[in-house]
Structures are given as structure tokens and as C-alpha cells.
There are 2 protein chains.
Amino acid sequence: MTRVTREDVVQTAGRLFSLYGYHGTSMRDLGRELGLLGSSLYAHVDGKQQLLVEVVERGARFFQTSADAVGTVEGTAAERLRVLIEGHVDVVLEHRDEVRTYLYEATALDDDARQNVLDARNRYEAVFTSVMKEGAADGSLRSDLDPKTATIFTLSILNAIDRWYSESGRMSRKKLVDEIWTFILKGLCPTNPFL
Amino acid sequence: MTRVTREDVVQTAGRLFSLYGYHGTSMRDLGRELGLLGSSLYAHVDGKQQLLVEVVERGARFFQTSADAVGTVEGTAAERLRVLIEGHVDVVLEHRDEVRTYLYEATALDDDARQNVLDARNRYEAVFTSVMKEGAADGSLRSDLDPKTATIFTLSILNAIDRWYSESGRMSRKKLVDEIWTFILKGLCPTNPFL
DNA sequence: CCTACCGATCGGTAGG
DNA sequence: CCTACCGATCGGTAGG
């Protein structure tokens, strides 16, 4: 690495935060990873908390960008849900460090920034919930379950992916999405006409 | 609190670890919470890492005890799965601090203890996977899905409960289990004969 | 369980 | 981006 940029600092911070947590990462750790002293980082950033804010904001932005794109998708609500799920999986697997930090280190944020994260999560969740409601209306999804609860269960599966899935394993990303889709749509029930 | 016991120390450590993380909790924080100095804690425990090990082990033990009980349940695999799910929900909601520390702070454990946690998780997961396989065999669950993947998805939903569910909210614990059960069994698909 | 303390490490700054 | 350093805090110990 010839020259450390601010971008390098933020990215590496994301990696260390996702691996060891915010409180488990020192500015000296971060500097060492980049080949410079901890104190030299302050030429690039204001402080440690700013790094966390920036990494977490990136995580939030990736998800929101994915959700925004679904507004333009034509078709049934079920089709839009499929697109939402694909987008979520892509975000998790392509921005693992930022996503992990966003999901698990937000508690280390100062009050204002933490509230922003909660707001962002609620906005993102609301997109899923809307689609669930639309699905009940257009008949492409069940109408008798609580859309909010269904959203939470769906996101629980999606957010946990980074805790077990490895792209180098025997399950491809497409297969992963298919498995999720089948599980969420059809469930474990055996006497299902779609089998 | 008249007299601080070792049990008080471990329990309070669990609470702080679950709230602020292992690295976000100092021995002085823990002492303050108990009304004594950080250095006084060493009359009760060997060190901070020992506290983490103990809290995490409790989390693992609660889950394993729940899973062990299902071995005695008669009936179909689907019925045993339902019992496993009820047990998991009970453990999460009755031992939130230990469970959160078990799930999210295991990375702060020393190598040996962390390996023990991974082993314990695999043992517990294997109970679910066995039941999924039995369900494929006895016809009470679908036979065309990967039992390992179905286990992961189910546990993803169950483990995320502590991140959103509040016992003081409008959803009772029984209703929660019912919602999970319906979602996992029947999915979001509308044209289902069980509706 | 407190007093008094240890060496190590923390986030961060001044000045170049 | 380094040198040199700051006050604060860390996990932990000796001795009572």
C-alpha cells in the first residue's frame, strides 16, 4: 500500500469493527493494520466515533438503495418481495463488514447517530411491510398474517446469513436465495400442492 | 443489597455484557453496578474472562437442557419441532442476558472457550436437524428440503426474537410461538389448503 | 471488601 | 505521517 487514503481508513475500520467490535478495536490496532501509527489516523479522521458513524451509515445506505430500487418493479407483490430478498442477500454478501457493523455495533453509537440508525431500519422495514400488505391485497401473498410480523421473520432469516453462509461453500448465492424463497413461501408443511 | 454474592456478580456481568458487550464493560462498571469497587470483584472471581466464560456457558446450558427434554416427547417429528421451538422461545425470554451474551459475545472468548461454544451450538443445531429428518421420514414435515438449511432458517427466526420482542407489548408469548409456528410451517404462500 | 497501587493501554493533541 | 506526549482508564495485585 503506497499511500493510505481516507477511504482505506474507513474500510479497514469497518473490517476491524465487524471482526472485533467497536470497543474491541483500538485506534492503534487500526493504524497497525494500515501500516501507520494510531496517532497518524487523526490526519484522516476526527476520531474513532466518526469512523463508526461512517461505517454504519454505509451499511444503512446500501440497504436503502436496494429497497428504493424495488419501487420501479412491475408485477405482483410476491415478485417485488423476491426482488427485495435478492437485494438484501446481495447487500449482506457484498458489504459484509459494513452490514455487520450496522447490525451489531450500533449500540456503540452516540445517541443521535443511534437514533438515525433506528429510523433507517424502520424505513427499510416499512418497505417490506408495504409489500406484504400489497400481497394480501393482490392475492399473491397470504392475507391472514400480520405483515409486520412476517417482515420481522423474513428479515431475521436474511440478517442471519452473514453468520453462517460462506460464498466459498457448496451453496451458490442463487441457491441460497432459492432456499430462502421456498422456505418463506411454502414453509415446512408437507401437504402442500406446490411440491 | 446487603451482601454481594458470587451469583450476583455473574448475573450482573451477564446483564452488562448483554447491554454493552464484553469490551464495553469494565470491571469498575461492574463493581459500581453492585455497589463496590472494581478491585473488590477479585474476591469473588478470578478475572473478567472467567465471568464471560461462565455467562456464556449458562446460555449454552439453558439451550441444551431444553433440547435434551425433547428426546422424551412422543408423537410426530412436527410435534417435537413445536416443542423445540417453544423451549427455545422460553430460554430466550427467560434468560435474555445469558442468551445475548452467548449469541453475540462469544467472539471475545479465548480460543478454548470459543471452540466449546461452537461445539455446543453444533450439538444443539443437530437436534433440530435430526427432527427435520425424522419429519421427512414420518411424513409430518416436507421431505424435499435440506434439513440443515431449514434448521438454520428456523434458528435465525428464533435467535432474533430478543432483538425485537417485548413481553410487555401487545403480543403474548403464546401468540409469538403461534406466529412463528404458522410462518415456519405454512409460509407466505396464499393458495394453501390449511388456511 | 477497601486502600493503595502497578504497568499497560486507551483516545487524542501539539508541533513539525 | 511521525515524534513526543497528555490525562484517563484498563485489568489486576498485595496486604490488610
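Order of the sequence lines fixes the chain letters, A, B, ..., with proteins taken first and strands second; residue numbering starts at 1 for each chain.
- As judged by a 4.0 angstrom heavy-atom cut-off over every strand, B:Gly47 is placed among residues touching the sugar-phosphate backbone only.
- Here C:dG11 presents its P atom at 4 Å from NZ of A:Lys48, a figure rounded to the nearest Å.
- Between A:Phe153 and B:Trp164, the ring-plane angle classifies as perpendicular under the 30° and 60° cut-offs.
- A donor and an acceptor atom, one from each side chain of A:Gln50 and A:Glu54, are nowhere located under 3.5 Å apart.
- A straight line from CZ of B:Arg32 to C1' of D:dT9 spans 11 Å, rounded to a whole angstrom.
- Across all strands shown, C:dG15 forms a Watson-Crick or G-U wobble pair, both distances under 3.5 Å, with D:dC2.
- Looking at B:Thr182, its side chain never comes within 3.5 Å of a backbone N or O of B:Glu179 through a donor-acceptor pair.
- Listed nucleotides: D:dC1, C:dT3, C:dG12. Nearest to the side chain of A:Ser39: C:dG12.
- Rounded to whole Å, the distance from CG on B:Asp8 to C1' on C:dC1 is 14 Å.
- The distance from atom CG of B:Leu52 to atom C1' of D:dG11 is 14 Å, rounded to the nearest whole Å.
- Residue contacts shown for B:Leu37 include a base, since a base heavy atom lies under 4.0 Å away.
- In a base pair of the Watson-Crick type (N1 to N3 plus N6-O4 or O6-N4) or a G-U wobble (N1-O2 and O6-N3), with each distance short of 3.5 Å, C:dA8 is matched with D:dT9.
- Distances from the side chain of A:Ser40 to the nucleotides C:dT3, C:dC1, D:dC2 place D:dC2 closest.
- With rounding to whole Å, B:Leu34 atom CG is found 15 Å from C:dC2 atom C1'.
- Between the side chains of A:Asp111 and A:Gln115, no donor-acceptor pair is found at a separation under 3.5 Å.
- Distance OH (B:Tyr42) to P (C:dT3): 17 Å, rounded to an integer number of Å.
- Atom pair B:Met27:CE and D:dT9:P shows a separation of 18 Å (rounding to whole Å applied).
- Per the geometry, CZ belonging to A:Arg28 stands 12 Å off C1' belonging to D:dT9, to the nearest Å.
- Look at A:Ser26 and you'll find a side-chain N or O under 4.0 angstrom from OP1 or OP2 of C:dC10.
- Each of B:Leu34, B:Leu30, B:Asp29 was compared with B:Arg32 under the side-chain contact (heavy atoms from CB on, under 4.5 Å) criterion, and only B:Asp29 meets it.
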